[in-house]
Amino acid sequence: MLVTPSEIPTPFTLYIFDKNYSSWSMRIYSLFAKFRIPVNVICYEMDRGGPLFDEWKQSEMFNISTTVPVLKDEEVGITVNESLALAEYIAERFPQKHLWPENVKLRALARSLASEMHAGFKYLRYNLGFNYRAIYTPAPKVASSPECVVEVRRLLELWTKARTLTKEVLADGGDEGYLFGRYSVPDSFFWPPLCRFRTYRVDYEKIAQDASIEETGRPGKYDLALQWIKHMWNDDTLKKLGKEMIDAPQCVGQFDNLYREEGCVMGKLVEHFSRL
Ligand SMILES: N[C@@H](CCC(=O)N[C@@H](CS)C(=O)NCC(=O)O)C(=O)O
């Protein structure tokens, strides 16, 4: 296992898989980073043939959950698994940090969005596997398949709905450009799809424009979602985490070069890069 101890003493230890490949891990790791909560990190690996996978299967955590992320809190004496449950747990442990929006309407919508991401978007999850540092050229067919377009349109709808309500509720101030104003749990949950868009060159701007024209006869309906995407790519903490993912030691052959047989070459990023 790769252990990264927190510089500040903390009761929390987060068990994750490879930063570059494990989107579920990065959802929660990014919450700790964005909300500046010190955490020790223990990293195993997803590669079935790798030594850190065997170590994971033999670890005490594997008896608690066969999937990561898992969080151990030594102060309370509890171990929690399932990323949505972890997000709720961290929010409860640090109520003053407001991991969920403070406004009741925004909080309700934020919970719906995080739950929908948690349970859905299976096409993107299975066909556009998370691989932060990879970029395919040209875009593989999956990036423009009808199933992909349906899920991207749904994401654009959700992000637009969130930003529209946020602008209305926070009209007098407090909107920092994240989905619900200040950074909150759904921003972390929807960050991995943005990385998948980049890896597989999903042309979300064209999908947004086509959807808008089809639905309203003109472009622009999803502009708030597109603005949020730009805002996320400019987030300094996420950029820093991106660099950690690029530099993560594991390279898992089975997750790389997925679309080689259709002539797509997988390049690797060496530094932060926002989009196509
Ligand atoms: N619903 C779980 C899913 C977590 C999940 O599927 N994690 C992957 C890593 S990204 C995993 O642990 N897979 C087990 C394996 O690959 O053996 C959660 O929200 O935490």
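When a ligand or atom number is given, it counts from 1 through the structure's own listing order.
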**Student:** Would you say ligand 1 has an N or O under 3.5 Å from any N or O of Glu82?
**Tutor:**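 Such a contact does occur with ligand 1.
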**Student:** For the rings on Tyr200 and Tyr136, is their centre-to-centre separation under 6.0 Å?
**Tutor:**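 So the answer is yes for these two rings.
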**Student:** Consider ligand 1: state whether an atom of it lies below 4.0 angstrom from any non-hydrogen atom of Ser25.
**Tutor:**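 No heavy atom of Ser25 comes that close to ligand 1.
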**Student:** Using heavy atoms and a threshold below 4.0 Å, how should the contact between Arg48 and ligand 1 be classified: side chain, backbone, both, or neither?
**Tutor:**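 The part of Arg48 near ligand 1 is the side chain, not the backbone.
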**Student:** Quick check with a 6.0 Å cut-off and a 45 degree axis cone: is Arg27 positioned over the face of Trp191's six-membered ring?
**Tutor:**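 Checked: cation-pi criterion not met.
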**Student:** Could you check whether Tyr183 and Ser188, counting side-chain N and O atoms only, form a donor-acceptor pair closer than 3.5 Å?
**Tutor:**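 Yes, Tyr183 and Ser188 have a side-chain donor paired with an acceptor closer than 3.5 Å.
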**Student:** State, without any angle test, whether His231 and Glu176 hold a side-chain donor-acceptor pair at a distance under 3.5 Å.
**Tutor:**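 Result is no, nothing qualifies.
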**Student:** Considering both backbone and side-chain atoms of Ser83, is one of its nitrogen or oxygen atoms within less than 3.5 Å of a nitrogen or oxygen in ligand 1?
**Tutor:**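 There is such a contact, yes.
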**Student:** Examine Phe17 against ligand 1 and note whether any of their N/O atoms are separated by less than 3.5 Å.
**Tutor:**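 Phe17 vs ligand 1: no N/O contact under 3.5 Å.
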**Student:** Run down the list Thr67, Val80, Val70 and name the one with the heavy atom closest to atom 11 (C) of ligand 1.
**Tutor:**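 When every heavy atom of Thr67, Val80, Val70 is considered, Thr67 comes closest to atom 11 (C) of ligand 1.
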**Student:** Just which atoms of ligand 1 are under 4.0 Å from any heavy atom in Pro69?
**Tutor:**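 Answer, ordered by atom number: 20 (O).
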**Student:** Spell out, as yes or no, whether a donor-acceptor pair under 3.5 Å connects the side chain of Thr199 to the backbone of Ala134.
**Tutor:**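 Here the side-chain-to-backbone pair exists.
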**Student:** Counting heavy atoms only, name the option from Phe189, Trp24, Tyr15 that's nearest to atom 5 (C) of ligand 1.
**Tutor:**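 Nearest heavy atom to atom 5 (C) of ligand 1 lies in Trp24.
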**Student:** Is a side-chain N or O of Ser25 found less than 3.5 angstrom from the main chain of Phe17, in a donor-acceptor match?
**Tutor:**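 At least one qualifying donor-acceptor pair exists.
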**Student:** Output the list of atoms in ligand 1 that are nearer than 4.0 Å to some heavy atom of Thr66, sorted by atom number.
**Tutor:**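 Numbered from 1, ligand 1 contributes 14 (C).
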**Student:** Is ligand 1 under 4.0 Å from a heavy atom in the side chain of Phe130, in the backbone, in both, or in neither?
**Tutor:**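 It is neither part, as no heavy atom is under 4.0 Å.
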**Student:** How does Leu86 reach ligand 1, by side chain, by backbone, by both or by neither, if only non-hydrogen atoms under 4.0 Å count?
**Tutor:**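 No part of Leu86 is near ligand 1 at this cut-off.
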**Student:** Can a non-hydrogen atom of Tyr21 be found less than 4.0 Å from any atom of ligand 1?
**Tutor:**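 In this structure, Tyr21 fails to qualify as a contact of ligand 1 - no heavy atom is under 4.0 Å.
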**Student:** If the cut-off is 4.0 Å to any non-hydrogen atom of Ser22, which atoms of ligand 1 fall inside it?
**Tutor:**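 In order of number, 9 (C), 10 (S).
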**Student:** Considering only protein heavy atoms, which is closest to atom 4 (C) of ligand 1, and at what distance to one decimal place?
**Tutor:**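 For this ligand atom, the closest protein heavy atom is Val68 O, 3.2 Å.
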**Student:** Applying side chain to side chain donor-acceptor pair (under 3.5 Å), name anything that partners Lys97, two or more places apart in sequence or on another chain.
**Tutor:**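 Side chain to side chain donor-acceptor pair (under 3.5 Å) list for Lys97, sorted by chain: empty.
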**Student:** Quick one: list whatever passes ring pair (Phe, Tyr, Trp, His ring centres under 6.0 Å) with Tyr132, sequence neighbours left out.
**Tutor:**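 Partners of Tyr132 under the ring pair (Phe, Tyr, Trp, His ring centres under 6.0 Å) test: none.
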**Student:** Does Ser184 use its side chain to pair, donor to acceptor, with the backbone of Pro101 at less than 3.5 Å?
**Tutor:**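 No, Ser184 side chain to Pro101 backbone: no donor-acceptor pair under 3.5 Å.
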